[in-house]
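The structure under discussion appears below in the form of structure tokens.
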Amino acid sequence: MKNYKFILKPLFFIFNLLFATWLVLRIEKIQPSDFGEYKSIFYKGVMPKMVTKADKKYLKELCAEYKAGKIDDSKLEEQLDDFLTHEEDKVKKR
Amino acid sequence: MKKDFYFNKYEDRKPYPAIPDNKYRTLLFQFCGILTVALGISYLNWRWRHSLNPDAVIFSIFLVLAETLSFLSTVMIIINFWSNKDPEKKGPVHYLSEIEDLQGRPDRPVRLDVFIASYNEDVELVRYSIIDAKNLNYPYKDVDIKIYVLDDGRRDGRDPKKENMKIVAEEEGVGYLIREHNEGYKAGNLKNALEHTNGDIFAILDADTRPFPDFLVNTTGYFKNPKMAWVQTPQWFYDTTEPEALSDVLNKKLKIKDSKNLFATGFAAINKFLFGKIKINEDLFGNDPRLFYDVILRKRNFYNAAFCCGAGSIHRREAIMSLAVKDFAHKLKDLKTQMLSNKKNQQEIAKETSALMKKEDIIPFKFHASEDIYTSIMLHADKENRWQSVQHAGVECRMLSTQDLDSWVKQHQRYAEGSLDIAFKDNPILIKGLSLGQRICYFSTIWSYFAPLWILIFLLSPVVFFFSLELPVKAYSFEFFKYFLPFQIINTLTMLLGCWGIETKRGDQYYISSFWFMILSMISVIRGKKVKFNVTPKGKSFAKNTPHILPHMIIIGLTILGIIYNAILVYLNKHPTPSGFAANSFWCIFNIISLSIMIRAAYWKPQEEEGEEEVAAANTQQVTSVFSEPGTPGSPIAESIAK
């Protein structure tokens with residue numbers, strides 16, 4: 001076993017680097033909703049809903065489809081109205 | 001008969017023990033260090049790419065630039081602290097053959113010289129150092145230890161207005177060396193000493209440096225390594241200010257300390273009950289250099305990058321002289337090359353070379369404001385000899401520290417100017433012969449003197465926000481804190497591990513508080529001004545302190561005004577970003593606490609029982625550290641501030 005002791009330190013640093021990379025990537029993915037309901041100490045009343053990455057993705061796709069001519073003005077407006085008025089259901093539907 | 005000085009009451013103070021090495025702590029530090037770097041890169045990546053406020057682009061860029069520069073400093077500190085490698089301790093040297101290859105020469109007991117550099121200090125103060133040097137132990141009776149006072153003040157009795165240093169040296173039975181000019185200041189003084197002595201190893205002490213009896217016993221053994229050029233021991237200031245009870249300070253300020261008025265007595269009693277246990281003013285000038293010597297410099301042993309700081313160091317004559325001779329040879333070679341390219345004939349070359357040899361001197365220590373670090377860089381860069389150095393862990397001598405802010409600032413300003421001068425003229429990053437670790441360590445020292453560039457931005461950013469109501473980031477949102485907090489928490493943990501066992505509060509405060517004189521130093525060096533060696537005035541003048549703290553007062557004043565203005569806006573529900581106000585106010589508390597240390601130091605007075613005469617004596621000794629140690633690089637403050 002003593003003969004392989006020299007491996008321990010490189011292994012330690014490899015683990016260290018992997019852990020650091022994982023931590024950085026994990027932090028990037030953290031969303032406010034991971035911590036439950038968000039309440040501001042500065043704003044009274046109902047908080048505006050936080051835009052999630054899924055929301056952004058949906059809106060981007062909508063824009064891309066519109067640009068590509070897959071949907072027309074009226075369809076876009078309809079979709080946006082739908083998105084804004086039924087945000088919560090929207091995410092589930094998707 | 002020894003004269004009484006203010007520091008006599010500190011004679012019983014004991015030096016701090018060296019921090020024991022711990023490999024598990026080192027591993028944990030390395031683990032956290034890598035996390036800090038990764039999280040720092042991630043944070044700055046987000047800052048640069050996603051957080052700049054489009055409504056305040058310049059403000060945003062300035063702040064993120066300051067953060068980036070500061071992060072660079074953190075990375076260098078992590079590299080500096082990476083590992084510890086205290087060299088093996090060996091017994092004291094006896095024979096010359098133990099420290100160098102004699103190449104057929106006959107062996108003999110080694111010769112040791114102790115130099116006490118002096119300029120205009122109280123001769124009785126120097127006597128203390130001489131007496132302690134005379135008490136140095138050494139196990140081998142046949143080893144010749146010679147002590148010399150190197151008096152650059154020429155106090156040999158020729159000027160009746162001056163004290164007579166020569167008589168003191170004669171009374172104590174030690175050597176006395178003077179020269180007729182002050183060229184090169186301390187470096188010149190040492191050069192003169194080396195020309196008149198023949199020790200194989202020599203120790204450098206300042207006029208106020210008092211070695212402990214085992215100073216040589218514990219340090220000469222390192223020279224058994226034939227590549228060891230110098231050993232630096234920690235400079236321990238044993239006269240730093242003592243903690244005072246907050247109640248005593250308040251009673252003194254309110255002048256109710258010894259009042260017989262019933263109301264005042266009652267107030268004093270309440271004051272004592274409430275604040276009696278809170279201690280303040282300990283090491284008010286941040287003079288305790290433990291962080292510097294016991295952590296920063298000691299950990300550089302790992303890279304063979306510990307540099308010489310003058311007083312308390314021991315040198316191999318051969319190393320320092322070989323460098324000097326090489327320098328001289330290089331000058332001759334350069335001259336010859338230049339003349340050959342100018343197509344001069346052999347006769348002219350010989351004539352010019354001979355003239356140069358007469359004119360130029362062999363200079364062991366560089367004639368520079370920071371001669372210590374400069375000479376260290378050159379020795380480490382010597383590719384042929386590959387000289388080594390060591391920062392010895394234990395305290396082997398004691399010294400006196402500055403006792404008023406004006407002296408303190410002037411002293412540290414010289415350190416800063418000297419180091420910055422090296423950065424601009426002979427940057428260690430570019431010098432050939434240094435290893436990568438050495439380059440980073442030396443550059444880290446010099447980089448620490450650029451800190452005011454980002455400190456000023458950190459200090460002014462909240463003020464700019466308070467009056468413009470524009471944030472330097474898009475928002476203090478969840479996104480901001482999710483990147484910032486993990487980095488900050490791990491960074492703090494890393495530094496805590498790196499500086500384990502050492503109080504760093506004062507260093508942190510002076511890191512911020514030193515910004516002004518460092519900016520002045522930077523401007524002075526950029527303008528090409530030569531670093532002056534003006535001797536610090538002897539009288540203690542508090543009026544002189546005000547210019548040093550005026551910028552601090554202005555920033556604190558503006559900050560408080562800004563907080564009041566923003567608080568009113570929040571109260572009236574008219575503040576556009578209350579979260580920004582909260583974050584900046586929190587930031588300001590730290591800034592104000594840090595800035596206030598220098599203001600407190602400016603108005604601090606020694607306790608009343610210390611008479612005026614003693615205060616004057618205290619100031620006289622400051623001349624020592626300011627003059628005879630002008631180039632102590634990487635001063636504790638500057639280095640610890642880099643942390």
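The basis for the numbers below is simple: all heavy atoms, side chains too, and nothing from hydrogens, waters or symmetry mates. Below, chains carry the letters A, B, ... as their sequence lines are ordered, and counting in each starts from 1.
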Distance check, rounded to the nearest 0.5 Å: A:I30 atom CD1 versus B:Y483 atom OH?
9.0 Å
So CD1 of B:I34 and CG of A:L23: to nearest 0.5 Å the spacing works out to 13.0 Å
State whether the number of non-hydrogen atoms from other residues, nucleotides or ligands found under 6.0 Å of [X] atom [atom1] is greater than 12.
{"X": "B:F62", "atom1": "CZ", "answer": "no"}
{"X": "B:K227", "atom1": "NZ", "answer": "yes"}
{"X": "A:E77", "atom1": "CD", "answer": "no"}
{"X": "A:Y66", "atom1": "OH", "answer": "no"}
{"X": "B:W500", "atom1": "CH2", "answer": "no"}

Side-chain heavy atoms of B:K482 within contact of A:K29, under 4.5 Å
no
I would like to know whether A:E28 and B:W46 meet side-chain contact (heavy atoms from CB on, under 4.5 Å); could you show each step before the answer?
CA-CA 10 Å; A:E28 276 188 12; B:W46 176 80; over 6 Å; no
With under 30° as parallel and over 60° as perpendicular, where do the rings of B:F31 and A:F12 fit, or are they tilted in between?
tilted
Checking A:I27 against B:L39 for the side-chain contact (heavy atoms from CB on, under 4.5 Å) test, could you report, in this order, the C-alpha distance in whole Å, the side-chain angles of both residues, the deciding distance, and whether it holds?
CA-CA 9 Å; A:I27 285 170; B:L39 292 171; 3.5 Å; yes
Checking B:L27 against chain A: side chain, backbone, both or neither under 4.5 Å from a heavy atom?
both
